[in-house]
Amino acid sequence: TPQEIEEQLNLPVLGLIPYLPLDPGVEISACLSRMSSSERFAVKESLRSLFTTFRLLRADRDIRLVGVTSSTQGEGKSTAVTIFARTLADLGLRVLVVDADLRLPMQTRYLGLAQGDGFSSVLTDNTLDLRSLIQPIQDNLDVLPAGPKPPDPAKLLNSARAQEVVNVIRDLDEYDI
């Protein structure tokens with residue numbers, strides 16, 4: 001339970017996201033459309049609430065970058081990011097999703113895009129223009145796909161080049177988050 005987690009970790013729970021039954025290979029929007037309106041509302045409201053909590057935690061500064069991670073594969077990171085991004089875009093924020101999962105990228109599948117060059121491409125080729133690889137999804141929502149799977153994703157993500165690219169992304173003034 002959330003209370004047990006707070007007690008065990010001695011940290012507050014920032015938000016709760018309901019379980020989403022997803023079908024493999026089916027766009028998240030299609031899965032959401034099959035849910036009842038009250039179920040969809042609960043999911044979106046939980047994500048709005050989570051974003052409000054983020055804002056309150058950082059009331060002195062705008063949140064520009066949010067990372068989503070977990071300890072193991074299959075815990076819903078990509079699903080949460082996709083729905084969170086759509087929710088923020090629906091609220092009028094200009095959102096860029098960066099699929100930095102270089103081992104098992106899911107954003108292109110969830111958003112119905114073709115996989116091609118993306119984040120890993122920019123990390124390995126500093127002549128590429130990052131903006132040219134960003135793909136529009138809907139009003140206020142774009143995605144930078146993961147790109148081709150590199151031989152050593154961890155090394156690439158821990159490189160000085162990765163920090164440079166993250167700083168470029170953070171400074172993109174056409175996005176709020």
Side-chain angles (χ1 to χ4, degrees), residues 12 14-15 17 20 27-29 32 40-41 43-70 76-150 152-177:
L14 299 179
I17 301 170
L20 294 171
E27 282 186 49
I28 287 177
S29 57
L32 284 172
R40 280 194 308 276
F41 176 80
V43 170
K44 289 194 174 214
E45 193 57 32
S46 71
L47 293 165
R48 285 185 190 111
S49 175
L50 180 59
F51 185 68
T52 299
T53 301
F54 284 158
R55 279 188 153 160
L56 292 173
L57 288 173
R58 301 294 301 203
D60 59 331
R61 291 192 342 211
D62 283 341
I63 297 171
R64 294 277 300 150
L65 210 59
V66 175
V68 177
T69 188
S70 72
K77 298 174 292 292
S78 297
T79 303
V81 166
T82 302
I83 296 172
F84 192 46
R86 285 186 187 266
T87 301
L88 296 179
D90 290 345
L91 290 171
L93 293 169
R94 297 165 303 161
V95 180
L96 173 64
V97 171
V98 177
D99 192 348
D101 187 340
L102 302 183
R103 286 195 172 100
L104 187 60
M106 298 299 289
Q107 291 305 315
T108 51
R109 182 183 309 168
Y110 284 167
L111 296 169
L113 301 172
Q115 184 63 273
D117 283 339
F119 189 55
S120 67
S121 309
V122 174
L123 295 179
T124 57
D125 183 352
N126 62 4
T127 65
L128 284 176
D129 176 26
L130 181 136
R131 282 184 170 94
S132 70
L133 302 176
I134 294 173
Q135 299 182 36
I137 302 300
Q138 69 180 55
D139 286 345
N140 296 326
L141 177 59
D142 297 340
V143 66
L144 175 61
K149 184 178 177 182
D152 190 349
K155 184 176 180 181
L156 194 57
L157 290 170
N158 284 307
S159 68
R161 175 69 180 151
Q163 185 61 55
E164 290 171 17
V165 172
V166 167
N167 288 335
V168 167
I169 292 168
R170 183 181 314 219
D171 292 339
L172 293 173
D173 58 2
E174 58 264 45
Y175 298 102
D176 298 310
I177 190 164

Quick check for you: to the nearest 0.5 Å, what is the distance between [X] atom [atom1] and [Y] atom [atom2]?
{"X": "L130", "Y": "E164", "atom1": "CG", "atom2": "CD", "value": "12.5 Å"}
{"X": "S132", "Y": "L144", "atom1": "OG", "atom2": "CG", "value": "9.5 Å"}
{"X": "L157", "Y": "F119", "atom1": "CG", "atom2": "CZ", "value": "6.0 Å"}
{"X": "T87", "Y": "L50", "atom1": "OG1", "atom2": "CG", "value": "10.0 Å"}
{"X": "M106", "Y": "D101", "atom1": "CE", "atom2": "CG", "value": "8.5 Å"}
{"X": "T108", "Y": "Y110", "atom1": "OG1", "atom2": "OH", "value": "10.5 Å"}

For [Y], does its backbone N or O pair with a side-chain atom of [X] as donor and acceptor, under 3.5 Å?
{"X": "D125", "Y": "S121", "answer": "no"}
{"X": "T52", "Y": "R48", "answer": "yes"}
{"X": "D142", "Y": "L96", "answer": "no"}
{"X": "S120", "Y": "K149", "answer": "no"}

Start with the C-alpha gap between I177 and V66, add the side-chain angles, then the distance that decides, and say whether side-chain contact (heavy atoms from CB on, under 4.5 Å) holds. CA-CA 8 Å; I177 190 164; V66 175; 3.7 Å; yes
What do you reckon, is CG of D171 surrounded by more than 12 foreign heavy atoms closer than 6.0 Å? yes
Of the non-hydrogen atoms in [X] and [Y], which two are nearest, and what is the gap between them?
{"X": "D99", "Y": "P105", "value": "OD2-CB, 3.4 Å"}
{"X": "A114", "Y": "Q135", "value": "O-NE2, 3.9 Å"}
{"X": "Q115", "Y": "G147", "value": "OE1-N, 3.3 Å"}

Heavy-atom side-chain proximity of [X] to [Y] below 4.5 angstrom:
{"X": "I134", "Y": "Y175", "value": "yes"}
{"X": "I169", "Y": "V165", "value": "yes"}
{"X": "L88", "Y": "L91", "value": "yes"}
{"X": "V97", "Y": "L141", "value": "yes"}
{"X": "P145", "Y": "Q107", "value": "no"}
{"X": "V95", "Y": "I137", "value": "no"}

List the steps and the verdict of side-chain contact (heavy atoms from CB on, under 4.5 Å) for D90 and Q138. CA-CA 9 Å; D90 290 345; Q138 69 180 55; 3.3 Å; yes
Any chance you could lay out the side-chain contact (heavy atoms from CB on, under 4.5 Å) test for V166 and V98, step after step, and finish with the verdict? CA-CA 10 Å; V166 167; V98 177; over 6 Å; no
Given side-chain contact (heavy atoms from CB on, under 4.5 Å), test L172 with R131 step by step and report yes or no. CA-CA 9 Å; L172 293 173; R131 282 184 170 94; 3.1 Å; yes
